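Structure record follows, encoded as structure tokens.
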Amino acid sequence: MELVFENIPFFLKGAYYTLYLTVISMFFAFFIGVLVAIARLKGPMWLRLIARFYVSIMRGTPLLVQLFVIYYGLVDYGVTLGSLTAACLGLSLNAGAFLSETFRGAIQAVPRGQTEAAYATGMTPFQTMKRIVFPQAVRIAIPPMGNTFIGMLKETSLVATIGVTELLRSAQLLVAQFYVNMPFYLAIGVIYWILSIGFSAILEQVERRLARAY
């Protein structure tokens, strides 16, 4: 374990990139999920079909394959992305598909009578979605969104395969340097666990505050 303590700064750098990937990707995934959910519920038929196809592809193929397609496959067509950019793009598109299903279910869970009452008062569909439906849908979606966030935190380990030096890649580099496996892999396991517990506690507080508001 002495080697682990000596290399804590290296692990902290890996943890920084893990958190960076998680937060940035979740930020974009949130908006992707909202737009896709609305497209599937309110859009014209052609847009619904495109959104449904996107969700089917993203949910039906492994994230690792998606990362390889973005980072290695696009090179064949003259599109070269940096490893960090490709990682954020792949994680965002993947999580966005799952969040779209979360938001679609949350929007449908809001009683239809509230939408009809909003229309009766003269609100437009956009105003109804913004002021009545969406705030309630977000509250409903918080728990599954939290699960997606924690899942993404752990799935960032896959971006080590395209050269991003996050936690797993940090451990791999240290293993290659010192020829010792167990201490380094146990160390990143503990770090992932601590990060997961921390974010779970934050999400519980957010959920409680939203619940009190209603």
Side-chain angles (χ1 to χ4, degrees), residues 21-81 85-152 155-156 158-159 162 203 206-207 210 213-214:
L21 285 166
T22 304
V23 173
I24 294 297
S25 300
M26 195 67 181
F27 175 80
F28 287 109
F30 176 87
F31 291 103
I32 292 172
V34 170
L35 293 175
V36 172
I38 293 174
R40 292 192 65 182
L41 291 171
K42 308 292 185 181
M45 183 56 67
W46 63 269
L47 188 57
R48 294 186 189 187
L49 290 175
I50 292 174
R52 187 171 183 178
F53 178 73
Y54 159 73
V55 172
S56 177
I57 288 292
M58 290 294 110
R59 296 181 68 195
T61 57
L63 174 58
L64 185 59
V65 173
Q66 296 165 18
L67 290 171
F68 280 8
V69 167
I70 293 171
Y71 186 65
Y72 297 113
L74 291 180
V75 174
D76 295 342
Y77 301 94
V79 180
T80 302
L81 299 175
T85 302
C88 287
L89 180 59
L91 290 169
S92 298
L93 291 173
N94 182 271
F98 286 91
L99 286 180
S100 71
E101 292 297 278
T102 297
F103 287 128
R104 188 167 68 93
I107 291 171
Q108 290 177 323
V110 177
R112 188 172 180 81
Q114 296 192 26
T115 302
E116 294 173 349
Y119 289 157
T121 62
M123 286 189 183
T124 64
F126 176 78
Q127 290 174 327
T128 301
M129 178 63 69
K130 179 183 177 181
R131 299 178 183 178
I132 306 298
V133 177
F134 193 69
Q136 297 182 71
V138 168
R139 181 177 61 88
I140 296 169
I142 285 292
M145 277 179 61
N147 292 334
T148 302
F149 187 92
I150 300 300
M152 181 184 286
E155 286 177 348
T156 55
L158 293 175
V159 305
I162 60 174
L203 290 167
V206 171
E207 187 179 351
L210 287 174
Y214 285 87

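Here the structure is a predicted model, which is why all the values come from computation and not from measurement.
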Could you give the distance from CG (Leu99) to CZ (Arg104), rounded to the nearest 0.5 Å? 13.5 Å

Less than 4.5 Å apart, side chain to side chain, heavy atoms only: is that true for Phe30 and Met145? yes

Check the angle between the aromatic planes of Phe134 and Phe103 and answer parallel, tilted or perpendicular using the 30° and 60° thresholds. tilted

For Ala97 and Met58, work out which heavy atoms get closest and say how close. CB-CB, 3.3 Å

Output yes when a side-chain donor or acceptor of Gln136 lies under 3.5 Å from a complementary backbone atom of Val133, and no otherwise. no

Which heavy atom in Leu67 sits nearest to a heavy atom in Ala86, and how many Å separate them? CD2-O, 4.1 Å

Does Ile162 form a side chain to side chain contact (heavy atoms under 4.5 Å, CB included) with Tyr72? I'd like the steps, not just the answer. CA-CA 9 Å; Ile162 60 174; Tyr72 297 113; 4.0 Å; yes

Once rounded to the nearest 0.5 Å, what's the spacing between atom CE of Met129 and atom OG1 of Thr124? 11.0 Å

Here the pair of heavy atoms bringing Leu47 nearest to Gly43 is CD2-CA, 4.3 Å

Kindly compute the distance separating CZ (Phe27) from CD1 (Ile32), expressed to the nearest 0.5 Å. 10.5 Å

Measuring from Leu21:CG to Met26:CE, what's the distance to the nearest 0.5 Å? 14.0 Å

Looking only at heavy atoms, what is the nearest atom pair of Arg40 and Arg52, with distance? NH2-CG, 3.8 Å

Looking at Gly90 and Gln66, what are the two nearest heavy atoms and their distance? O-OE1, 4.4 Å

From the options Asn94, Leu63, Leu91, select the one residue that forms a side-chain contact (heavy atoms from CB on, under 4.5 Å) with Leu158. Leu63

Taking the side chain as every heavy atom from C-beta outward, state whether Thr80 and Tyr71 have any pair of such atoms under 4.5 Å apart. no

Walk me through whether Lys42 and Arg48 qualify under side chain to side chain contact (heavy atoms under 4.5 Å, CB included). CA-CA 8 Å; Lys42 308 292 185 181; Arg48 294 186 189 187; 5.9 Å; no

Show the nearest heavy-atom pair for residues Ala109 and Ile140, with the distance to one decimal. CB-CD1, 3.9 Å

Is a donor on one side and an acceptor on the other found under 3.5 Å between the side chain of Ser92 and the backbone of Cys88? yes

Rounded distance (nearest 0.5 Å) linking atom CG of Leu89 with atom OG1 of Thr85: 8.5 Å

Roughly how far, to the nearest 0.5 Å, is the CG atom of Leu203 from the CG atom of Asn147? 9.0 Å

So does Phe53 get a backbone contact from the side chain of Ser56, meaning a donor-acceptor N/O pair under 3.5 Å? no

